[in-house]
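The structure displayed is predicted, hence computed values, not measured ones. These values consider heavy atoms only, across backbone and side chains, with no hydrogens, waters or symmetry-generated copies. A, B, ... follow the sequence lines: proteins, then strands. Residue 1 opens every chain.
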Amino acid sequence: DSGVTQTPKHLITATGQRVTLRCSPRSGDLSVYWYQQSLDQGLQFLIQYYNGEERAKGNILERFSAQQFPDLHSELNLSSLELGDSALYFCASSVTGLDRSPLHFGNGTRLTVT
Amino acid sequence: AQSVTQPDIHITVSEGASLELRCNYSYGATPYLFWYVQSPGQGLQLLLKYFSGDTLVQGIKGFEAEFKRSQSSFNLRKPSVHWSDAAEYFCAVDIMDSSYKLIFGSGTRLLVRP
């Protein structure tokens, strides 16, 4: 058990809808990362937060947004969903994200868009 | 641009046989390299990491990896594979721009024959 909790485990929704994925980092970790894993793109870095502030952005679509709350949990919001958004979304956490401490991954949320 | 290449999409080995999974990276500075394993329905678990020093690093579950700067490689090895090692393996390099984040290879799926 990595200590990173993601909910829900599975999500099925229709095109055009909006969903929210939630992540609770390991106790003591201040930095949260979001990754998308799809068959055609592999593991893609989306966005990182550190102590409530956005720290780095990767291949995140404009339809997607995220935030990290004062209690350090994070939410990834996906809107105007398309079939191609179907993927496994991982959250990871690390102590600061400013050093090279390893990332600890949650078990992911599998999103299916129909 | 920084990248990680795992040339083998699938590898099948017999239980008890040795294993080597290939990883090549492209990164201008001294890389920090990682191997993660993803079992079905699970998140990514860190197997081992290379930061500096001894180029042969030991990890969990009997895995080791060797960093070869001249070949830009970080291959993962195990002398005797167990059926429970069947999983997907990801090589990753961490890069620093505004913060540290992992760039992953496309993964190698390991199948173990009884």
Side-chain angles (χ1 to χ4, degrees), chain A residues 1-7 9-10 21 23-26 29-51 53-60 68 87-110, chain B residues 1-10 23-25 27 29-53 57-60 63 65 67 74 87-109:
Chain A
D1 182 9
S2 68
V4 179
T5 304
Q6 289 188 248
T7 57
K9 290 185 180 179
H10 302 277
L21 313 183
C23 169
S24 294
R26 277 190 335 158
D29 285 357
L30 300 178
S31 191
V32 169
Y33 300 74
W34 287 97
Y35 280 82
Q36 179 194 56
Q37 185 180 34
S38 61
L39 284 176
D40 55 344
Q41 296 289 323
L43 267 164
Q44 297 283 316
F45 167 70
L46 295 179
I47 198 164
Q48 180 206 0
Y49 281 81
Y50 169 69
N51 207 19
E53 300 287 327
E54 181 183 305
R55 172 68 64 176
K57 239 178 183 177
N59 302 322
I60 188 166
Q68 186 179 27
L88 194 52
Y89 291 85
F90 284 110
C91 170
S93 71
S94 70
V95 176
T96 70
L98 300 174
D99 56 19
R100 286 170 134 159
S101 52
L103 300 189
H104 300 269
F105 283 81
N107 287 345
T109 293
R110 182 168 296 282
Chain B
Q2 302 90 346
S3 66
V4 178
T5 302
Q6 294 180 249
D8 303 306
I9 298 175
H10 296 102
C23 171
N24 293 96
Y25 66 89
Y27 186 53
T30 300
Y32 280 27
L33 296 158
F34 303 80
W35 275 99
Y36 281 83
V37 61
Q38 183 182 21
S39 298
Q42 302 293 313
L44 284 81
Q45 181 184 21
L46 179 67
L47 281 177
L48 48 80
K49 58 185 185 287
Y50 170 76
F51 284 1
S52 64
V57 293
Q58 302 296 321
I60 62 171
F63 286 92
F67 171 63
F74 188 56
E88 187 144 24
Y89 292 80
F90 293 91
C91 182
V93 61
D94 85 347
I95 64 170
M96 174 62 178
D97 38 42
S98 55
S99 72
Y100 289 107
K101 53 182 177 284
L102 288 180
I103 303 299
F104 286 89
S106 54
T108 297
R109 182 166 296 280

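- Between A:Phe45 atom CZ and B:Leu102 atom CG the span is 9.5 Å, to the nearest 0.5 Å.
- Of the two parts of A:Gln37, only the side chain, counted from C-beta on, holds a non-hydrogen atom closer than 4.5 Å to a non-hydrogen atom of chain B.
- Using a distance-only test at 3.5 Å, with no hydrogens or angles considered, a donor-acceptor pair links the side chain of A:Asn107 to the main chain of B:Gly43.
- The backbone N or O of A:Phe105 sits nowhere less than 3.5 Å from a side-chain atom of B:Tyr36 that would complete a donor-acceptor pair.
- A:Leu43 places none of its side-chain heavy atoms less than 4.5 Å from the side chain of B:Gln38.
- Neither the backbone nor the side chain of B:Gln45 comes within contact range of chain A; no heavy atoms are under 4.5 Å apart.
- Other residues, nucleotides and ligands contribute at most 12 non-hydrogen atoms within 6.0 Å of the CD1 atom of B:Ile9.
- Contacts between B:Leu44 and chain A at a heavy-atom distance below 4.5 Å involve backbone atoms as well as side-chain atoms.
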